[in-house]
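Labels below follow one simple rule: chain letters A, B, ... track the order of the sequence lines, proteins then strands, and each chain is numbered from 1.
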Amino acid sequence: MAKTSMNDLRIPLRLGLIAGGISLGLSAIGMVALFGQRELVTNVLTLGEVILLAAPLLLAYMSARQAPEAKAISAILYGLITGIVAALPLVALIVAASTLDLRQFLPNVSPALIELLTFNQGVIAGSLILTGVFAATGVLAAIAYNLPDQIRSPLSSGLLWTLTIGLFSEILSNRLRAFFGSGINQILFDGKALNPFAALALFIVITVIAAFWGRRKETVQEQISSLPPARQRNLRLASIAAGVVLLLILPLILGTYLSEVINNVGIFALMGLGLNIVVGFAGLLDLGYVAFFAIGAYSMAVFTSNGSLGISDLTFWSALPFCVAISAFFGLMLGLPVLRMRGDYLAIVTLGFGEIIRILALSDMLKPVIGGAQGILQIPKPPFFGTSLVQPEQLYYVILAGCLLAAFVSWRLSESRLGRQWMAMREDEDVAEAMGITLVSTKLLAFSIGAAFSGLSGAIFASKLTSIFPHSFNLLISINVLSLIIVGGMGSLPGVVVGALILVGLPELLREFAEYRLLMYGALLIVMMLMKPEGFWPSAVRRRELRSDEDDFTEAGALANEAGD
Amino acid sequence: MKRTFIVLSALILAALVLSACGGGAAEFVCEDEIGCVDYAPGDPVRIASALVISGPNTDLGTDSQYGVEIAMEFREEILGHPIELQAEDDGCSAEGGQTAGQKIVSDPSIVAVVGTSCSGAGVPMSQVISDAGYVMVSPSNTAPSLTDPDQAFNPGYLRTAHNDKVQGRAMATFALEELGVTTAAAIHDGDPYTEGLARVFADSFEEMGGTIVDFTAVNKGDTDMRPVLTSVAAAGPPEFIYYPVFTAEGGFLTKQAKEVAGLEDATLAAADGMISDAALDAVGEAGEGMYFSGPDLSFSGAIYESFIAAYNDKYGTDPISVFHAHAFDAANMIFDCVEEVALQDEDGTLHVGRQAMRDCLYATSGFQGITGTLTCDEFGDCADPKISVSQIQGGEYVRIWP
Amino acid sequence: MELIPTPLNAESEMRAKLQDTDIIGIILWIFRAVILVLVVWGTIAALLDNPYSTRQWLDFIVFGIAQGSMYALIAIGYTLVYGVLFMINFAHGEFFMSGVMTATVFLAGPMAASGFLNRNPILSLLIITLVSMAVSVLVAVVTERIAYKPLRKAPRLVPLITAIGASFFWQYFFRGLFGSEVKPFPQLEILTGTIPFLGTDILKTHVVVIIVTIIMLVGLNFFIMRTKIGKAIRAVAEDKDVAALMGIDVDRTVTITFATGAAMAGVAGVLFALVFRQVHFFMGFIPGIKAFTAAVLGGIGSVPGAAIGGFFLGMFESVGPALFLEGLGIPAPHQLKDVIAFTMLVFVLIFRPQGILGERLSEEKA
């Protein structure tokens, strides 16, 4: 018996070491120290402490789940061990930093970090406290595991929501002040973080609501599904109407700054809708999608600029169709040479195309036409019955209109003959061809419609920004757009919006962490693909594909193998 | 359910009423064309900064932000009100500048902005700031277009940094008159800053009678500079090569120039993008004897000494980049103008007219700052531009001209 | 014709292909002709008004070969992984960066400061290279274990996305770890200076790069063709299921493939540091993309192809701007070297869709 339990202890030891490694890594690259400056609850909790403790909490939970017997005590033991082991790498870091000059190699192992890790109590006492905190975290995770689900899930939603509200304190308090004056603000917030009492109250309220909802959710759903069909349809119409009204008054709720953020999200969502046609519907992997965004933006700039590079007096609205048409034409031109290429060859050639456009925009060769490194300035904002749409709240409607149009076109296309041809082509080009689908026109249509959406987005972008520089059109944009449709859910229209909110909106709100933005972005992509490869809001077809039995995958793998012969 | 709703509504109503009463009845009537910023007694006067405080150019922006913070510390208060800083990030990009601008103008309590760090961010941001009736003073934008009314100038934009036109011409003068070279080449990396500077240098150099044998470019991220340097050598070879680029590409150019046939004896020169400890490390021994143009940082005077002391005291280091003093001066120009134009009620409430702020800043004349005596022209160029040239001697930057 | 349901009807396929060829074929021919005319015209103009001496042309070629050597070493990692897993390992450039960054910060810097480096140059270089390889391999194996292995059976886009994610993750992880500044790599005294060769002087570092690359390529070829592990790699590349039936541990073989590619990248990292003498957290990204281009150019999946693709790409970048563009009177031609590289890629792929040495893959279900 003793032997087996010794053997089993490898699980918490291993998980503890992984947790410790993650916490150590986060500390060594400076995330813990930087995030430590952002308070969530005034004088109680910082974001740095949250990310430091996140790994031990999660992994202790996992280790409690693997505890041998169903007895609570063994789970708690596992949690405790995981917590203590997780603290060891950090203790080693503290000791090493106090004896060696680690900073000459690792600039982020700063005195501030060590202070944070030791709770400002010196090396020995600090290490003990740290170990204690980690152990307590492990035990807490194990206790949470042993709680019945009805209690655990409201508690965790209470915690998560309170932390989220704390994280966005500044923005929330700004909006609350705009609507309700500073009264509520002073009750809830203390500077840029939640007030401790308000945090506690919020936690309790949310937990209670979550518990209540958890119990009532099913009955409500049942009630809805037991309604007569006519009432159900009315309910659906009502919710759609509510959604439309919400979309229309959104800028009023959000105010200037958040409208600006939403506009950026919209610009990317519009591009995402276009790429969704190319990659999501037609299955053509395009890594140079930014090219068409750049072409749309530069067309708009050249047509409308009041500066020396402007070539015509067109307004935003009259230039828009030309910009879209030019982008679509370039989509066609790119499509032609790559018609015969598939998969990764297509990916690298399109990537190259994106880079070619960016370098040409930057080059001294085209400087007389499109401004080279100095870009194009003095692009007017869209005019509107005598005035011009200057404020983000006003531009919002232009972008919304563009997104709705693109979404409508995508939706109709996906249900059309052409849409089904794309999907057939995505599944198997040879079979599709044998079924009588003309690959040439089908592919070219996908490229040029996708390019047209991107051009539309670029044209609005140029007018919104009023000046464009080649640096705005780098490879990162292509990758970001591709990632957002995958994070949202390939081939799914709402997914595009969700993806854009996560990958464009969120980083904007967390700007002060911009240094680690791409690190978190990378980690998010990996975690996302491991946990939810179909995306946050998958299309029905795709969900079926990815959730169907594994045989399909092996078949695809075997096909790929055959191709390698 | 219903009861909760009623209670909630009552609470919200009560809050609304309370807040309405709390505002108090101001008898003051704002006569400013754009509008006024009001500060109740005890409320801080709020300014914003929009500097690059993330990404690869962090040092540039953080350094300037420290300058603003020290200016606030020295000033302590304006007409009995404390000063508060809202620090934003310009992201060193056009999009970042626009977003930061929108965030600032959504806060009506901000009276003026110190920013941006990068010219590319300054172009769209100056438009946002201008449209909203605010005013901004940049400590480090140097692009000529920003103060050119035919290009990107917007009312409400000023700067304490020098215009690139000055630096490019100064380097050309130095090369022709001090070094006595007659042929030169210029290389940029496609960055708006380096391209602008290289072009002004090349134009001035030719204007003053020199010959530009090659005006060419590399790409950011390039490592193998030998082909482009071979082309430069074949075109001349020039006696003098000016490449106002940043540390990474600059390091490659410096090390490889000595290895290209024909350029062994060419004089190398770069700009302030390569005046830093990291750049000194990057060029290594190959940089010995190389020249650098940049704003003259040999400030003196009692204020500067106490500034440096405060900087060291507060941040534990000597200044980490170039434009801290310019930011200090920008903040002080703003504070002076707030003091000058603010109307004060008896209870201490302040009213600052936005147009009055603008007028006051554009009228700045003979302002004694660390960076010199500042006088603004009608398009916002306020700098007292002093460009100096330094040289690496024995592994250190040594100022040699003027 | 479209009513015939069976995809195996060769005649209908042929006819469809022929119909396609008529329309696109002409356009593609025009495309080829335009590029050829531009290239030939540029070349003639450049040679008529030749500003360069023979020695400078030779220099361009040597620079191109040296740069191409590094591309080749990195490209091998792409090609090996592609051959086995049919995935683009976008993070491969970061394997290249991670090793040499770590070795520079912990070893080369302190060694140079203490004078050890120039007293024992060979030993130091050996240690630096080994550490660089070890770190690259470690990063590669961790990446494979976490981000690729669980997705072996997922659709093709999924591992591509995790690879992109891993690339960003490692870049900014190492940036956080070692800081964002450029790190100087010390100059070795024995590698300073030039060696006369065929009327020009070649830098000693370039000689080292070219020789080491050739040795590594020959060694790798031996490893793949002659050793047992190499045979296992080839078997897994041919057919995973059959390989598994033959008693080959597929997972282990895949890991070894990643490790081999990463080891080559680790060596390439040190060569890069020797030639350019500075390292940076972003240094892997662009060479990574270039090497991937090289791998496709040479024919992805083929090891000699990757080597040839690398040399070609280095040559296009080095010689191309002077030879093709300068004669056309284009300002700042070296700014456009990537345009040349990518245009050549498209050009080659139109003539030979499978790349220079590749098997006929691109039109198949790759």
Side-chain angles (χ1 to χ4, degrees), chain B residues 54-59 185-190 195 198-199 213-237 246-256 258-262 264 274 276-287, chain C residues 50-53 55-60 62-64 66-68 70 109 112 175 179-187 192-194 200-201 203 205-206 272 275-283 285-287 289-290 314 317-322 325-326 331-339:
Chain B
S54 68
N57 303 306
T58 308
D59 281 356
I187 305 175
H188 67 86
D189 67 357
E195 201 260 359
R199 203 164 283 277
V213 297
D214 202 1
F215 184 88
T216 190
V218 297
N219 287 305
K220 282 206 167 171
D222 278 0
T223 52
D224 195 3
M225 307 297 185
R226 292 180 184 93
V228 69
L229 288 167
T230 305
S231 288
V232 169
F246 298 98
T247 306
E249 291 77 19
F252 292 131
L253 280 166
T254 308
K255 287 172 189 159
Q256 294 169 23
K258 297 287 175 199
E259 298 170 352
V260 168
E264 295 92 347
M274 282 181 70
S276 67
D277 287 347
L280 211 50
D281 280 348
V283 295
E285 282 171 21
Chain C
N50 189 356
Y52 300 102
S53 61
R55 191 189 148 170
Q56 280 166 330
W57 283 117
L58 270 177
D59 281 347
F60 278 135
V62 174
F63 300 153
Q67 183 71 35
M70 274 170 251
R175 181 194 145 142
S180 60
E181 305 91 35
V182 170
K183 307 257 179 279
F185 188 89
Q187 178 154 22
T192 315
T194 55
T200 182
D201 294 316
L203 290 170
T205 46
H206 280 164
F272 177 97
V275 174
F276 297 119
R277 302 206 297 280
Q278 67 190 40
V279 297
H280 188 232
F281 76 94
F282 199 64
M283 66 186 262
F285 194 70
I286 291 171
I289 287 177
K290 292 285 177 56
E317 284 186 358
S318 175
V319 185
L325 295 183
E326 218 157 282
H334 290 277
Q335 210 177 13
L336 302 174
K337 70 182 167 62
D338 290 355
V339 174

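Comparing E259(B), Q256(B), H188(B) by how many heavy-atom pairs each has under 4.5 Å with chain C, the most go to E259(B). Among the candidates I286(C), D59(C), L203(C), the residue making the largest number of heavy-atom pairs closer than 4.5 Å to chain B is L203(C). Highest contact tally toward chain C, considering only V218(B), T223(B), V260(B), V283(B), is held by T223(B) [criterion: heavy-atom pairs under 4.5 Å].
Contact annotation for F276(C): both backbone and side-chain heavy atoms come within less than 4.5 Å of a heavy atom of chain B. In this structure, chain B has a heavy atom under 4.5 Å from the side chain of F272(C), while its backbone stays farther away. Residue E285(B): no heavy atom, backbone or side chain, is found under 4.5 Å from chain C. Using a 4.5 Å cut-off between heavy atoms, V228(B) touches chain C through backbone and side chain atoms alike. With a 4.5 angstrom heavy-atom cutoff, K258(B) does not touch chain C via any of its atoms. Both the backbone and the side chain of D281(B) come within contact range of chain C, judged by heavy atoms closer than 4.5 Å. Both the backbone and the side chain of A233(B) come within contact range of chain C, judged by heavy atoms closer than 4.5 Å. Using a 4.5 Å cut-off between heavy atoms, F215(B) contacts chain C through its backbone alone, with no side-chain atom that close. Heavy atoms closer than 4.5 Å to chain B are found in both the backbone and the side chain of V275(C).
Counting only heavy atoms from C-beta outward, the side chains of S231(B) and T216(B) never approach each other to under 4.5 Å.
Considering CG of D222(B) and CD of Q67(C), their distance stands at 9.0 Å, rounded to 0.5 Å. Atom CG of D224(B) and atom CG of L229(B) lie 9.0 Å apart (nearest 0.5 Å). Atoms NE2 and CD, from H334(C) and E326(C) in turn, are 6.0 Å apart once rounded to the nearest 0.5 Å. Atom NE2 of residue H280(C) and atom NZ of residue K183(C) lie 8.5 Å apart, to the nearest 0.5 angstrom. Interatomic distance, CZ of F63(C) versus NE2 of H206(C), reported as 6.5 Å (0.5 Å rounding).
At distances below 3.5 Å, at least one donor-acceptor pair connects side-chain atoms of Q56(C) with backbone N or O atoms of S53(C).
By the salt bridge (Lys or Arg N to Asp or Glu O under 4.0 Å) test, D338(C) pairs with K290(C), sequence neighbours left out.
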